[in-house]
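Accompanying notes for the structure given below.
Letters A, B, ... mirror the listed sequences (proteins, then strands); counts begin at 1.
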Amino acid sequence: MELINTVFIAKAIIVGIVFAITLGVAAYSTYFERKIAAFMQDRIGPDRAGPFGILQPLADAVKMFMKEDFIPANSNKWLFIAGPCLSMLTALMTSAVVPFGDTVTIGGATFDLQGIDVNIGILWVFGIVSLGVYGIMIGGWASNNKFALLGAIRAASQNISYELAMGMAIITILMITGSLSTKEIVEVQQNGHWNIFYQPLGFIIFIICAFAECNRTPFDLPECETELIGGYHTEYSSMKLGFYLFAEYINMFISGAVMATLYFGGYDYPGIDFVTQQFGSNVASFVGVGALIGKSLGFVFVFMWVRWTIPRFRYDQLMNLGWTGLIPLAMYNVVVTGFGILVGKPFMVSIAGLVLLIAALFVYDQLLVKKKIA
Amino acid sequence: MKLSNKTKVLEQGEMTLAERMYLPAIVGGMATTLKHFFSKPVTIRYPEQKRYLGPVYRGQHILKRDEAGAERCTACGLCAVACPAEAISMVAEERKAGEESLYREEKYAKVYEINMLRCIFCGLCEEACPKEAIFLRHDTMVPVFHQRDEVIWGKDKLVEKMDHRYLRDGWK
Ligand code: SF4
Ligand code: SF4
């Protein structure tokens, strides 16, 4: 009984901290998104609220809460409210299985720095991410607005298309690791055996799909202003809109964390043994937490960086890329990985696979594609 | 017919392999944005920082005095006629004996008013003036009004102060 109680309290604390970190990061992502956008366009960005505009998220929150919370007359009221709630819920739920750090030992008891270590961890992430599109679908449907519905339909078809390629990319990870548990996936990658070295192609596929799943530019067609006004959140105002936007930033952070977990060794960092010897394993674990969050924030930066670089895809281009580009590539990657495991040299084979792919594409290009007449 | 030899014919053929893979172009674009990320912002934080607008900027009006401190304006009304916004109005008066140090010409403007809400800062009054009396300063703007009675500027605000003379860049 005692033990269960301590474990429960420890878990509650960890969940609370993860929750707080996620929300804090999401809030400040809005600020850094504008700052980064500004810097990339040689501007300064928000700098009026507090020093360097650091209080901007607070000002935004106040603005969001003060706005009129409008529900259109002919909308389905309960679904209209359920949409953003579901988006937020699914966004927050994925962080449960991300292993934020190794174990820490406090007072003889050992704790995992992870919400829950379920043995289907990555499947959980995948399932919840697929659920995430329901928030958008329900919101878009309930708005009783053509543009919102179009946005929602786009979101749904886009997510389904890209989930396939994403799943295939994850399968290669599972083939290497032999486990679905995120914890084990990270443990296999310890001491610099990061999956990115064995799965460069898989990582490229995964990150492209992650962009699509988060509805970020260049795949932000569900909220494409030029065609759909605001997309699925056209009718939303006040904090309901805030929830949708917030969920997007949380998704970004979590997908950064998942990418770090799957491909960049999770909480592994160079010199972990040295830190363990000098300061004990607890300190090493906490530095590991910092490393994971750092990697996730790095990915968040990449998300923003890409957003302010690349324009939106056209919808047919998006579908074309997903179905005829990424899915065959992911299949090829599965085959190459399987071959690598069979031969017993996954690193060599993955590089060879990449080279072979580029060579094959080049030959195909030379033989079949019409050249422009000089 | 070719008007100039600068015409450039663009030929768009099939995309090359690298172009069709998107990724090289994306990486190139990201390098460009990253370069800008570290370059200096061009923003001028306006109310705190101001930039020099050049000697021909048309700001606040000023009625000049000559070197001796006499007002140059002779109330000829040419500026009022030239003004497209009909912002200028004046009342003329004959110079009395003993006022030679105050007014340069025999007739002067007793009242000279510019309605700053009407004025469009075109500078035609400055062009029209035969006596080089009115100028639009390049270094000062008309401040924002908060009250109606701040809108019409009389001689008290327009005439140049001798201890704070206006000198346009490039004069003298
Ligand atoms: S600047 Fe133009 S509008 Fe203003 S008073 Fe002079 S002539 Fe009139
Ligand atoms: S400012 Fe010049 S143009 Fe206008 S009334 Fe005086 S002298 Fe004439």
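Counting heavy-atom neighbours within 6.0 Å of B/E93 CD, excluding the residue itself, gives a total above 12. Environment of CD in B/Q49: crowded, with over 12 heavy atoms of neighbouring residues, nucleotides or ligands closer than 6.0 Å. The 12-atom threshold is not exceeded at CZ of A/F362, counting heavy atoms of other residues, nucleotides or ligands nearer than 6.0 Å. Remark: A/F52 CZ is loosely packed, at most 12 non-hydrogen atoms of other residues, nucleotides or ligands lying under 6.0 Å away. Surrounding CD of B/E94 are at most 12 heavy atoms belonging to other residues, nucleotides or ligands under 6.0 Å away. Counted within 6.0 Å of NZ on B/K161, heavy atoms from surrounding residues, nucleotides or ligands total more than 12; the atom is thus considered enclosed.
Between chain A and the options B/V42, B/L23, B/T43, heavy-atom pairs under 4.5 Å are most frequent for B/T43.
Using a 4.5 Å cut-off between heavy atoms, A/R48 contacts chain B through its side chain alone, with no backbone atom that close. Only the backbone of B/K40 comes within less than 4.5 Å of a heavy atom of chain A; no side-chain atom from C-beta onward does. For a residue to count as touching a neighbouring chain, one of its non-hydrogen atoms must lie under 4.5 Å from one of that chain's; by this rule A/L361 touches chain B with backbone and side chain alike. Residue contact with chain B, scored on non-hydrogen atoms closer than 4.5 Å, involves the side chain of A/L321 exclusively.
Contact between B/M30 and A/V302 at its shortest, heavy atoms only, is CE-CG1, 4.5 Å.
The shortest side-chain heavy-atom distance between A/I44 and B/R45 falls under the 4.5 Å cut-off. A 4.5 Å side-chain heavy-atom check between A/T309 and B/T32 finds every atom pair outside the cut-off.
Interatomic distance, A/W305 CH2 to B/T33 OG1, rounded to the nearest 0.5 Å: 6.5 Å. Between atom CZ of residue B/F37 and atom CD of residue A/Q41 there is a gap of 12.0 Å, rounded to the nearest 0.5 Å.
Among residue pairs with one or both ends in residues 52-64 of chain B, those qualifying as salt bridge (charged side-chain N to carboxylate O under 4.0 Å, His left out) are B/K64-B/E160; sequence neighbours excluded.
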